[in-house]
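Below is one structure, written out as structure tokens; the observations come after it.
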Amino acid sequence: MRNYDFKAIEEKWQRVWEENRAFKVERDPARKKYYLLEMFPYPSGRIHMGHVRNYAIGDALARFKRMQGYNVLHPLGWDAFGMPAENAAIKNRSHPATWTFENIHAMRKQIKRLGFSYDWDREIATCRPEYYRWNQWCFLRFMEKGLVYRKNATVNWCEACQTVLANEQVVDDRCWRCDGEVLQKEQEGWFLKITAYADRLLDGLTTLAEGWPEQVLTMQRNWIGKSLGAEVDFKVDGQACEALRVFTTRPDTLYGATFMVLAPEHPMTVKLSRGTPQEADVDRFLSQVARQDKKTRTSETTEKEGVFTGAHAINPLTGKDIPVWTANFVLMDYGTGAIMSVPAHDQRDHDFAQKYHLPIVQVIEPPPGQTLEPGRAFAGDGTMIDSGPFTGLIGEAGRKRIIEHLEVKKIGQAAINYRLRDWGVSRQRYWGTPIPVVHCPACGIVPVPDEELPIQLPLDAHLGDKGRSPLVELPDFLNTPCPSCAGPGRRETDTLDTFVCSSWYFDRFTSPRNEEKLFARSDVDYWMPVDQYIGGIEHAILHLLYSRFFHQVFRDLDLIDSPEPFAHLLTQGMVVKDGAKMSKSKGNVVDPDEIINAYGADTARLFILFAAPPVKDLEWSDHGVEGCSRFLKRVWRIFNEFLDDIRAARPPEPGEPLARELAELRRRTHITIKRVTDDIQTRMQFNTAIAAIMELINQLYTLRDGWSELKNQSGAAGAVLEALETTITLLCPFAPHIAAEMAELLGHKEGASWPAYDEALLQADELLIVIQVNGKVRQKITVNANITEQDLKARSLEDPKIAELVESKAIKKVIVVPKKLVNIVAQ
RNA sequence: GCCGAAGUGGCGGAAUUGGUAGACGCGCAUGAUUCAGGAUCAUGUGCCGGUAACGGCGUGGAGGUUCAAAUCCUCUCUUCGGCACCA
């Protein structure tokens, strides 16, 4: 018998698949499609176990669906723009493109060694002009729709590196690269108006309830942060200036508003204090707040501090004068930058009122059962008290009536606020998509015409930590005639956030080589949405929200039909070792290449699917890997031992009489088909699917001892053949190389379809019944499967051991659970 | 602080509808094979007591519902993740 030579087998089949373009797919409206996608990788240099897990899960599903007859789109590409390439290039005095393409080459090689069933003809890299020209095209369409604008915004700035950092590159207020201090800085840049789609992004989540993890839906919902409430105008006492407008979610507490607070940045803060004795205090306070960085400023634990502005406003309902303060906890970029403070019914206002001795007036009576706690605000719904004509109204009804009143009086109206902010896409970096606009002294900002796309990223830039895009120093790039007036213009030098690339790459996979359009309508409408998307939870908001946003805009541009881009989402758990995420600094990294070299790709894949269900964290175990390697050798050995005896056999006919152990094998075979099918299809639990296959193999091993006699029995070879063929087929999604090799040894061509089980064969002739006395297991008996409930009850009571146990007791009740157990209640 | 997920043998994990807790794998033990080791095959393996038959205990903890609870309810502890002054 040949040994299990995984190296030869894996190289052979990978070559076969490559040469045959085995996983190439085409749009075929006659066939049912299935689009399976894993989040595409950033070409960082080498793959890690997280990648292996991601793609092993995806490939198992892709192969499974393919075997079920679906037309499966399963592509891979590269999220190839981004800062690491630029930083590495600066460090190594090379070019980001060189670094990126070398990494892609190395990682593609590693991934191919794992034997994943990708349609490699569809491979894309977002840093190629053929791809990023469509980023630019999208940007222009967004512009036309009024979804693009420029504004000043606060950005993370690393002094040491002289560059802007993305939020995720700031770790505990320090630069991830040099550990230097990160400051907040105002900088002008481009924004996409994702807030215009807030409601649609929120509403769409309800349609995803079936296919997405609850956790991700909740995170997106919270991130969008929709608040219903009202805007209310407060007149400033004794001054003719405009009223102060506040946003509140609790208009029913308006009678309890005893002071107002403006954000320090609010334009009225300074204005109101001028000419009052508070002028100096306000100025001192504002400069103090300006020194606080954003993170500390917005932390809940930061002490609430404020000063009186010197001005008073009038509570529009009570008509009373209330002081106007300014304080650090009120933010300019949420609501109107001003609040009405109701210290009795908002904890923050309460803390602030107590600190500065401001009046606290209760206007809500807690519902029965709830009481006011001393020192705490009551923030729940309740009955309005001391609220003039509104007294007695409860919760939502009160809010509604107050809003109606405000609208009639024209001093306010219903309003909605979102926590979601517009998406800043400007990067002062080189290695990204050039933003396709020209700044013209005469015409202003002028979009580049479509015919001029792509605006190519020049390759001769001099990189360095200069804090601005190196494109500024390239006159050939920078200077360009204005597309509108042909006068001297200046190209935009900011590049696009790389999240733009990943917001629609899944659409591009449907027409990856299309040169006329970003994708062909027929392709995208056939393949989209992605039926199953798989990736890490770290993208729960960012990438998954941006992509949903792009998809909605594409719908509005009439580019695409499907309502959402990803129908089902699986967020896989981390790969950990010794309880911690694998990382270089912890020294607990396991290199996929080493595992493949030592055990082969099939073992690596099998272990990573067997060790834990996909959604949970996976604890890496070298012993566990050996166990999986041992299992594949065990499969190989038993297969080869039986091979000569079964090669010429045919699987048993339905109902064909078989010897006891052979009938048992058949039953096990069909149970295994059912379990593995359910585990993959409806439960996405590969660990139990693999365990079921292991049980079938264990069953085959029990036949080995008596095989020399058994094999001459009618149907013996057929039953074993059926069991082994089934094992091979069921193993395909997890360990495709060894499965292909064994199928070939049996004389089968590739492309087996997923087996069906015979319902009739799942039933055993005899059942093991548990007998309990007062809920405790006391006996186990084997009975005929067709036994009646009456007979089963009688058999249980007759059992000598049970009879003895209940002898001196009165039998109160006998519960029979068909095919499972009998419980005798006796006292 | 708020929200979410989880807690089961020495370890990873299983138990799909409330119905035999611990499938499968690792580890460990014993035996076979072998000069030996390794590999392989077989058997056993939750804990405590007992040679055994068997009995008791057992799914983070405390209560409860039920003939029956890892699973349902109440309270509580721990761990991990997310959000965190959003008016």
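Every chain is numbered from 1, with letters handed out A, B, ... down the list of sequences.
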Select one nucleotide: of [options], the one nearest the side-chain heavy atoms of [X].
| X | options | answer |
| --- | --- | --- |
| A/Ile339 | B/A87, B/A15, B/A68 | B/A87 |
| A/Gln215 | B/U40, B/G81, B/G56 | B/G81 |
| A/Met694 | B/G27, B/C24, B/U16 | B/C24 |

Reckon [X] touches a base, only the sugar-phosphate, or nothing at all at heavy-atom distances under 4.0 Å?
| X | value |
| --- | --- |
| A/Asp617 | sugar-phosphate |
| A/Val817 | base |
| A/Arg221 | nothing |
| A/Lys633 | nothing |
| A/Ser621 | nothing |
| A/Lys674 | nothing |
| A/Gln772 | base |
| A/Asp346 | nothing |
| A/Tyr701 | sugar-phosphate |
| A/Lys812 | nothing |
| A/Val330 | base |
| A/Gly627 | sugar-phosphate |

How would you label the glycosidic angle of B/G13: syn (within 90° of 0) or anti?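 Anti for B/G13; the angle lies over 90° from 0.
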
If you count heavy atoms of other groups shown closer than 6.0 angstrom to NZ of A/Lys400, is the number above 12?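 No - once you tally the heavy atoms of other residues, nucleotides and ligands closer than 6.0 Å, there are 12 at most.
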
For atom NZ of A/Lys819, is the number of surrounding heavy atoms from other residues, nucleotides or ligands below 6.0 Å larger than 12?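 Atom NZ in A/Lys819 is not packed in, count stays at 12 or less.
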
Quick check: any donor-acceptor pair below 3.5 Å linking the side-chain of A/Lys813 to the base of B/C67?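 Counting by modelled atom types and ignoring angles, no donor-acceptor contact under 3.5 Å is found here.
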
Which residue in the set A/Val324, A/Thr326, A/Leu244 passes side-chain contact (heavy atoms from CB on, under 4.5 Å) when paired with A/Met268?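 Running side-chain contact (heavy atoms from CB on, under 4.5 Å) over A/Val324, A/Thr326, A/Leu244 with A/Met268 returns exactly one hit, A/Leu244.
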
Separation of [N] [atom2] from [X] [atom1] (nearest whole Å):
| X | N | atom1 | atom2 | result |
| --- | --- | --- | --- | --- |
| A/Asn687 | B/A23 | CG | P | 14 Å |
| A/Lys616 | B/A6 | NZ | P | 8 Å |
| A/Asp333 | B/C85 | CG | P | 11 Å |
| A/Asn698 | B/C41 | CG | C1' | 12 Å |
| A/Leu254 | B/A87 | CG | P | 16 Å |

Does the side chain of A/Asp422 pick up a donor-acceptor pair with the side chain of A/Thr195 at under 3.5 Å?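 Checked: A/Asp422/A/Thr195 side chains pair up, N/O donor to acceptor below 3.5 Å.
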
Chi angles and distances behind the ring-ring contact (aromatic ring centres under 6.0 Å, His included) call for A/Phe352, A/Phe329: CA-CA 10 Å; A/Phe352 195 77; A/Phe329 73 95; 5.4 Å; yes

Using heavy atoms to find the nearest nucleotide of RNA chain B for A/Leu331 and A/Gly624 separately, return the residue whose nucleotide is more 5′.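 Per heavy-atom nearest nucleotide, the more 5' residue is A/Gly624.
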
Within less than 4.0 Å of OP1 or OP2 of B/A84, is there a side-chain N or O belonging to A/Arg419?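 Checking A/Arg419 against B/A84: at least one side-chain N or O falls below 4.0 Å of OP1 or OP2.
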
With a cut-off of less than 4.0 Å, is there a side-chain N or O of A/Asn417 near OP1 or OP2 of B/A87?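 No, outside the criterion.
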
